[in-house]
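Notes for the one structure printed next.
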Number of protein chains: 2
Amino acid sequence: MASVESKAALDLLVRRLERIGHLSDEERRAVGNLPAKIQTLRPRQDIVLDKEKPEHSCLLVEGWAYRYKLLGQGRRQILSFHVPGDMPDLHSLHIKTMDHSLGALTEATIAFIAHEALLDVTRRFPGLAGIMWRETLIDAAIFRQWIAGMGQRDGFGRMAHLFCELYCKLEAIGLAADHRCTLPITQTELGDALGLSSVHTNRVLQEMKAQSLIELRTRTLNITDWDGLVQVAEFDPSYLQLAQ
Amino acid sequence: MASVESKAALDLLVRRLERIGHLSDEERRAVGNLPAKIQTLRPRQDIVLDKEKPEHSCLLVEGWAYRYKLLGQGRRQILSFHVPGDMPDLHSLHIKTMDHSLGALTEATIAFIAHEALLDVTRRFPGLAGIMWRETLIDAAIFRQWIAGMGQRDGFGRMAHLFCELYCKLEAIGLAADHRCTLPITQTELGDALGLSSVHTNRVLQEMKAQSLIELRTRTLNITDWDGLVQVAEFDPSYLQLAQ
DNA sequence: CGCGTGATTGACCTTGCTCAAAACGAGTGG
DNA sequence: CCACTCGTTTTGAGCAAGGTCAATCACGCG
């Protein structure tokens, strides 16, 4: 059960939770002993589908994931992007039926942890419960930002804001520095996240390059004018709760 | 301390929590003994402001409330509407700094409950903690619906969806029936919630009346063709978790 | 009766969509 | 190494949704 990979995954989880709040030795141990099933996924492979009632939540160990909702006429709205350390379906612990789908964006390593085990831990350690609760609340804060963006910002501003957000999340876990990071998503996906058509997404992206705010080639984003990007995005990272 | 109003407010809270999950006698008692400060607010009066660090969460006892974010250039995005029984800033229990503001929409009665007391109860009763956690997760599910709507639906569809959502929430707490309910919001506010200008909001509203889907006069919404409205909204109420 | 807020209308403009085609680019089989 | 392919990016042209500005209207209230 305690394979090398699952140990590493739970270590990652412990570090993640500690970034949010303090853990006692006992709590650390309890998390470290959670049963985790490791699985590797292909790019674009689904993890949980809308309407399903999963029995476990997953910890993203490596790679990117995304949540999305399908609407009629082939429309798709991407709701969030996730990076290593995230638990994108932690909410299923208390809301049994999925209201959206979750998929891997890149090749990804996932650790599945049974709800039963997670619930047991939250019952025994209210502090841990609070930290996990907080995780889901940060998620909700990000949703609020997205709502504000979709309602009040134009495509340019929304894209700028998303780039700022993703860069900050990646930097916080050591996967980005120097305003440079990977961006393993197609323009169509970017559009589905921003509520723009792929054609318009492409044009906004070009405009952003033309203004020397970013460079983008072979799935690598280079933010050449961070301050400028922050300004057009009206970006304030406090909602991400990343302060160490 | 245990005034008549605060007793009534905590009764409301107990009923609300019981609609979400089962409470033991002991848990019911603990909730009933929470210290609650009752306050009455004028229409449009703010309750908590962006950036503040509230020391208590509030239970909306009577009237409507709304959450909103202000952006530059006087833009405002309304993030949610709240009805009696809701705890619109329960999240501040675990995220200290507000990332948006909360205000009364109508004259409203609010019960403030200190974080300290709430945290204590959640520590002693993991079951209660789970139910409150679930409350905030339902909130997040509503945010996801709004994101999907803003990204993928046009103004007409968004408004239809919002009307369906509000009616269902009101019906669930006995404040609406026969597809009829009060709607104490101006068209400007409706527009700020849907990401539309007030001018366009007005035109969409007229179109919706012209199609005989709704009637609207003196702050009263009458959904004359519920099935039709549900259809154009692609509305599925399961995300609201209202099943009894 | 006069005020003030909210609703409504018209004219014009911008953002972003659709359709359709072309251009790239990385990987594959020959 | 080349031809081919499939997924993605890019471009053009025309159109629709929704914004802005500026009046005007309606109505509840003191």
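Lettering follows sequence order; numbering is per chain, from 1.
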Protein and nucleotides 23-26 of chain D: nitrogen or oxygen contacts under 3.5 angstrom:
none

(request) Determine, for nucleotides 8-14 of chain D in 5'-to-3' order, which nucleotides have protein heavy atoms under 4.0 Å from the base (write B), from only the sugar-phosphate (write S), or from neither (write -). (result) SSSBBB-
(message) Could you check whether any side-chain N or O of B/S92 sits under 3.5 Å from a backbone N or O of B/I95, counting only pairs where one atom can act as donor and the other as acceptor?
(response) no
(message) Restricting to side chain to side chain contact (heavy atoms under 4.5 Å, CB included), what partner residues turn up for A/A160, sequence neighbours left out?
(response) A/M208, A/L229, A/V232, A/A233
(message) Using whole Å, what does the distance between atom P of nucleotide D/dA16 and atom CZ of B/F156 come to?
(response) 18 Å
(message) Below 4.0 Å from chain B heavy atoms, what is the first contacting nucleotide of DNA chain C and what is the last?
(response) C/dG6 to C/dA11
Which atom pairs, donor and acceptor, lie under 3.5 Å between side-chain atoms of residues 101-109 of chain A and protein residues at least two apart or in another chain?
residue, atom, partner, partner atom, Å
A/S101, OG, A/D50, N, 2.9
A/T106, OG1, A/W64, N, 3.0
A/E107, OE1, A/R42, NH2, 2.8

(message) My understanding is that only residues two or more places apart in sequence, or in another chain, count here; which of them pass side-chain hydrogen bond (donor to acceptor under 3.5 Å, both in side chains) with A/K169?
(response) A/D86
(request) Can you tell me the distance, in whole Å, between the NE2 atom of B/H200 and the P atom of D/dA16? (result) 14 Å
(request) Please identify each residue that fulfils side chain to side chain contact (heavy atoms under 4.5 Å, CB included) with B/E215, with sequence neighbours left out. (result) B/R217, B/N222, B/T224
(request) Say whether, by atom type as modelled, one donor and one acceptor occur between the side chain of B/R67 and the main chain of B/P88 under 3.5 angstrom. (result) yes
(message) Heavy atoms only, 4.0 Å cut-off, all strands: where does A/G195 land among base, sugar-phosphate and nothing?
(response) sugar-phosphate
(message) By the ring pair (Phe, Tyr, Trp, His ring centres under 6.0 Å) test, which pairs, at least two apart or in different chains, include something from residues 162-208 of chain B?
(response) B/Y167-B/H179, B/Y167-B/W226, B/H179-B/W226
(request) Please confirm whether the backbone N or O of A/G149 pairs with a side-chain atom of A/Q152, one donor and one acceptor, at under 3.5 Å? (result) no
(message) What verdict does the side chain to side chain contact (heavy atoms under 4.5 Å, CB included) test give for A/F112 and A/S57, after you've listed the backbone C-alpha separation in whole Å, the side-chain angles of each residue and the deciding distance to 0.1 Å?
(response) CA-CA 6 Å; A/F112 289 99; A/S57 288; over 6 Å; no
(request) Please list, chain by chain and in numerical order, all residues satisfying side-chain hydrogen bond (donor to acceptor under 3.5 Å, both in side chains) with A/K209, sequence neighbours excluded. (result) none
(message) Going by side-chain contact (heavy atoms from CB on, under 4.5 Å), A/C58 matches just one of A/L41, A/V48, A/I110. Which one?
(response) A/I110
(message) Once side chain to side chain donor-acceptor pair (under 3.5 Å) is applied, what residue pairs with a partner in residues 229-240 of chain A remain, sequence neighbours excluded?
(response) A/R153-A/E234, A/E165-A/Y239, A/E234-B/R75, A/D236-A/S238, A/D236-B/K51
(message) Can you give me the bend angle of the helix from C/dC1-D/dG30 to C/dG30-D/dC1? Use the axis through the first five pairs and the one through the last five, nearest 10 degrees.
(response) 30°
(request) Could you tell me which residues satisfy salt bridge (charged side-chain N to carboxylate O under 4.0 Å, His left out) with B/E135, sequence neighbours excluded, listed by chain and number? (result) B/R16
